[in-house]
Amino acid sequence: LGLSQPGVLIILPVLNEAENIDPLISGIRRELRGWRYTICIIDDGSKDGTVDIVLRLSREADDIVLLQREKKHHGSQRGGALKYGLEWGLDNTDHEVFVEMDGDLSHRSEELLTGIAKISEVGWNVAIASKYVSGSRVLRRPLFRRLLSRFSNRTIRMIVTLQVRDWSNGYRFYDRIAAEIVRQHYIRYGSPIYLTEVLALWIWKGLHVGEFASTYVARNEGFSKLRWVDLIKAGIAVCEIGLRFHVAGFRLTDAEWATERPAQG
Ligand SMILES: Nc1nc2c(ncn2[C@@H]2O[C@H](COP(=O)(O)OP(=O)(O)O)[C@@H](O)[C@H]2O)c(=O)[nH]1
Ligand SMILES: [Mg+2]
């Protein structure tokens with residue numbers, strides 16, 4: 001113990017999670033006691049006091065970094081928040097294992113050490129705490145959300161690749177190689193489809209992606225939260241991602257392109 005333990009970055013996008021953030025942080029702290037870790041919280045303008053709670057918790061120990069952004073448009077900016085946290089981690093830490101999880105207690109901190117071990121001991125580049133492998137469980141999720149998730153995942157598998165079962169999963173672990181790949185490439189979506197886009201990019205780049213059994217505890221997944229426009233947009237996005245995966249390829253950012261191929265002249 002000790003020397004071989006990697007540093008861990010927890011990337012936590014939150015929007016109005018006042019009820020959940022305290023028990024979640026406690027859970028993470030309990031699991032990672034004795035580890036070197038940073039909890040990077042990205043808030044996009046919560047109005048329910050989430051930020052005050054985070055600030056209070058951050059005075060108890062120096063394991064929390066709060067990044068505050070502004071809400072620029074209506075839909076969820078969870079993808080943009082994840083990318084922001086990832087880049088912050090690359091620039092400001094030397095942590096070797098990056099973890100993304102939801103701030104609403106759907107993802108159990110009891111599974112952190114299992115996921116971290118898949119990266120640091122087993123050697124996968126990316127590990128997904130999957131809802132759809134044998135041994136996985138999905139609790140308290142309304143039937144229509146279950147069916148929608150099954151249907152979406154099946155569709156994405158057919159369009160992109162069968163290699164992964166849980167494409168819409170937000171509880172995942174990866175190494176710095178995977179994080180660098182995200183930074184180097186042009187990422188199109190800041191919405192939750194970001195999760196699928198980035199996963200497709202990782203597979204396209206040939207990274208080792210694995211899934212392990214996980215228990216997902218649904219929180220506040222009522223019908224009212226779903227908007228048809230978002231579903232339709234997601235459907236179009238999946239086709240576009242499939243096109244890049246199979247035909248066009250994922251392209252480097254202009255900055256990356258410039259460093260790889262110095263301008264001639
Ligand atoms: N920073 C940020 N976090 C968000 C935003 N939208 C959702 N989240 C967080 O992303 C996580 C997943 O969102 P949630 O609404 O639970 O999505 P669902 O579980 O797929 O229905 C939660 O921790 C939310 O607080 C956003 O626009 N900005
Ligand atoms: Mg949720």
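Note that the structure is predicted; figures quoted are calculated from it, not measured. Both counts, for ligands and for their atoms, begin at 1 and track the order of listing.
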Engineer: Show the atoms of ligand 1 that are less than 4.0 angstrom away from any heavy atom in Ile42.
Structural biologist: 1 (N)

Engineer: Which is it for Arg69 and ligand 1 at heavy atoms under 4.0 Å: side chain, backbone, both or neither?
Structural biologist: neither

Engineer: Give the numbers and elements of all ligand 1 atoms closer than 4.0 Å to a heavy atom of Gln77.
Structural biologist: 26 (C), 27 (O)

Engineer: Under 4.0 Å, heavy-atom basis, I'd like to know which part of Arg145 is in contact with ligand 1: side chain, backbone, both or neither.
Structural biologist: side chain

Engineer: What atom name does the N, O or S atom of Asp104 nearest to the Mg ion (ligand 2) carry?
Structural biologist: OD2

Engineer: Which bit of Ala81 is near ligand 1, meaning a heavy atom under 4.0 Å away: side chain, backbone, both or neither?
Structural biologist: side chain

Engineer: Find out whether Trp35 and Leu113 are in side-chain contact, i.e. whether some heavy atom of one side chain is under 4.5 Å from a heavy atom of the other.
Structural biologist: yes

Engineer: Testing the 3.5 Å rule here: is there a donor-acceptor pair between the side chains of Glu17 and Thr50?
Structural biologist: no

Engineer: Would you say Arg251 and His185 make side-chain contact, with heavy atoms under 4.5 Å?
Structural biologist: no

Engineer: Check ligand 1 against Asp102 and write out every atom of the ligand that is under 4.0 Å from a heavy-atom position of the residue.
Structural biologist: 11 (C), 12 (C), 19 (O), 23 (O)

Engineer: What are the atoms of ligand 1, with element, lying closer than 4.0 Å to any heavy atom of Glu17?
Structural biologist: 22 (C), 23 (O), 24 (C), 25 (O)

Engineer: Between ligand 1 and Gly103, is the shortest N or O to N or O distance under 3.5 Å?
Structural biologist: yes

Engineer: If the condition is side-chain contact (heavy atoms from CB on, under 4.5 Å), which residues does Glu180 pass it with, not counting sequence neighbours?
Structural biologist: Leu90, Arg183, Gln184

Engineer: Is Asp166 paired with Arg157 through a side-chain N to carboxylate O contact shorter than 4.0 Å?
Structural biologist: no

Engineer: Shared ILVMFWY cluster between Ile128 and Tyr216, side chains joined below 4.5 angstrom?
Structural biologist: no

Engineer: Within ligand 1, which atoms have a heavy atom of Glu221 less than 4.0 Å away?
Structural biologist: 19 (O)

Engineer: Using heavy atoms and a threshold below 4.0 Å, how should the contact between Arg78 and ligand 1 be classified: side chain, backbone, both, or neither?
Structural biologist: both

Engineer: Taking only Lys NZ, Arg NE, NH1 and NH2, and the carboxylate oxygens of Asp or Glu, determine whether Arg176 and Asp94 approach each other closer than 4.0 Å.
Structural biologist: no

Engineer: Below a 4.0 angstrom heavy-atom separation, can you tell me which part of Tyr216, side chain or backbone, both or neither, approaches ligand 1?
Structural biologist: side chain

Engineer: Among Trp167, Tyr174, Trp124, which residue satisfies the ring-ring contact (aromatic ring centres under 6.0 Å, His included) criterion with Trp202?
Structural biologist: Tyr174

Engineer: Side chain, backbone, both or neither: which applies to Lys71 and ligand 1 if a contact is any heavy-atom pair less than 4.0 Å apart?
Structural biologist: side chain

